[in-house]
Amino acid sequence: MKTQKSIPTTKVERSAKFVKTGIQIGGNYIKHYSKKLFNPELDREQLNEDNATDIYKSLSELKGSALKIAQMLSMDKNILPKSYVDKFTQSQYNAPPLSGPLIVRTFTKNFGKTPEQIFDTFNLSSSNAASIGQVHQAGLHGKKLAVKIQYPGVGDSISSDLKLVKPFAFRLLGMSERELNVYIKEVEERLLEETDYELEVRRSIQFSEACKDLDHVVFPNYYPELSGKRIITMDWIEGLHLKEFLQTNPAQELRNKIGQALWDFYNFQQHKLKAVHADPHPGNFMITPEENLGVIDFGCIKEMPDDFYYPFFALISTDVINDKNKTIDAFRKLEMIHSDDTPEQVEFYYKSYREMISLFAKPYTSSTFDFSKPDFFEQLYSYGEKISKMPEFKQARGVKHFIYVNRTNFGLYTMLHELKATVKTDTFKPHLESRPSFKA
């Protein structure tokens, strides 16, 4: 893959990149509608393909929060045309890497030394390049290490990038401006945390220790003395990403084993810690030669406050959903039904959200669940697509915590579906009595 020798870091440079991309997209629309004059039956497939290519190329060169948005959207498969999903999915595994000289400059700026002065060996070619940083293999005292290096300017450009990406998101997501502002604000808070590598090292150590007794889940050791604000050093975990693993045509027993490890990893955190690894894209996991699930990134953590956790999981894991008054009360606490809604609106949103949550909660309603069944996902995505087109859902609904909690659980469901795994879903159940939360 061709390397990238520089990243636009100033507001002017990054803004100019967005403007140029906007002009390219405008040209794509002109080309599309010119062709449509001669062929009225022409669909939007080529237009979507051209726009997705131009937007992804621009975001991948900008890196950082701009590319992270693409990564997040690629996981929300029911809100984007397939062309965008296919193109943006690349950001989960293989964004264009930075060149060797730029990596050395970044390293020297942070440590005052080159990689070769710190490690016995250091491979200048990256092993994995994603949205916030890229990973290099290194060696020290006989240990194989992974060194994650943050792209220059990423942490300083989050707020301005999100303002620039907002018009693209507005068009792609079809949200109201108020709802989009809530979305962007929550994303900004998480991204500010993701670019704080010192915080990530502390959280990685905390969560690895908290989850160490889970079956078939393994974590690297982290080295704070070889890490900093923009660099993280950890053990190298051998293995395959999910996509590569599935290409080996693994046996169903192994698929179930890895699926169970994923389910337990996420639900242990949600229900024991009330804080969860909220970046469930496959690039953050490895399947090791020992048939374990390796977790290699704790950059994005979502803490769930009690006033969200209790009403939300009471709806999913108890018979509350079968009691209309209790359900409406929970919806009010979660701001899915507003205090100024008319009786007709209350009834409409009660029925709509009850159907949605009943679908989402299906894996929790039995002791095992087969995620290979396509009908479950077809129902989920078709319902999501249906309500996305309804005017009643153009206004902001639900507390901000839904953004990452929904993303986490749907991301988990999607990975389990790709594995075609059957898992025991009663291993870690919601705790609805008061208990202290895990503070990351």
Go through the side-chain N and O atoms of Lys274 and Tyr310 and say whether any donor and acceptor fall under 3.5 Å apart. yes

For the residue pair Tyr404 and Asn409, confirm or rule out a side-chain donor-acceptor distance under 3.5 Å. no

Where the side chain of [X] meets the backbone of [Y], is there a donor-acceptor pair that is under 3.5 Å apart?
| X | Y | answer |
| --- | --- | --- |
| Asn284 | Asp279 | yes |
| Asn256 | Thr422 | yes |
| Thr233 | Val147 | no |
| Thr108 | Arg105 | no |
| Thr327 | Val320 | yes |
| Tyr349 | Glu392 | yes |
| Thr425 | Pro363 | yes |
| His281 | Gly283 | yes |
| Ser208 | Ile205 | no |
| Asp196 | Glu193 | no |

Pairs where residues 106-127 contributes a residue and the test salt bridge (Lys or Arg N to Asp or Glu O under 4.0 Å) is met, not counting sequence neighbours: none

If you look only at pairs with a residue in residues 210-226, which of them pass as a salt bridge (Lys or Arg N to Asp or Glu O under 4.0 Å), with sequence neighbours excluded? Glu209-Lys212

Could you check Tyr413, Phe376, Trp263 and say which one makes a ring pair (Phe, Tyr, Trp, His ring centres under 6.0 Å) with Phe369? Phe376

So if I apply the ring pair (Phe, Tyr, Trp, His ring centres under 6.0 Å) rule between His277 and each of Phe219, Phe207, Phe285, which one comes out positive? Phe285

ring-ring contact (aromatic ring centres under 6.0 Å, His included) involving Phe402 - partner list, sequence neighbours excluded: Phe308, Phe312

Student check: side-chain heavy atoms of Gln150 and Lys229 closer than 4.5 Å: no

Heavy-atom distance under 4.5 Å between the side chains of Lys144 and Gln137, does that happen here? yes

Could you work out, with side-chain contact (heavy atoms from CB on, under 4.5 Å) as the rule, every residue matching [X], not counting sequence neighbours?
| X | result |
| --- | --- |
| Pro115 | Val104, Phe107, Phe122 |
| Met286 | Ile237, His241, Ile296 |
| Lys333 | Pro311, Asp329 |

Test log, rule side-chain hydrogen bond (donor to acceptor under 3.5 Å, both in side chains), inputs Tyr223 and Asp235: CA-CA 8 Å; Tyr223 301 94; Asp235 287 338; 2.6 Å; yes

Step by step, work out the side-chain hydrogen bond (donor to acceptor under 3.5 Å, both in side chains) result for Tyr197 and Asn110. CA-CA 12 Å; Tyr197 276 6; Asn110 281 271; over 6 Å; no

Would Ile357 and Phe331 count as a side chain to side chain contact (heavy atoms under 4.5 Å, CB included) here? Give the steps. CA-CA 11 Å; Ile357 286 179; Phe331 287 167; 3.6 Å; yes

When the ring planes of His271 and Tyr364 are compared, do they come out parallel, tilted or perpendicular, using 30° and 60° as the limits? perpendicular

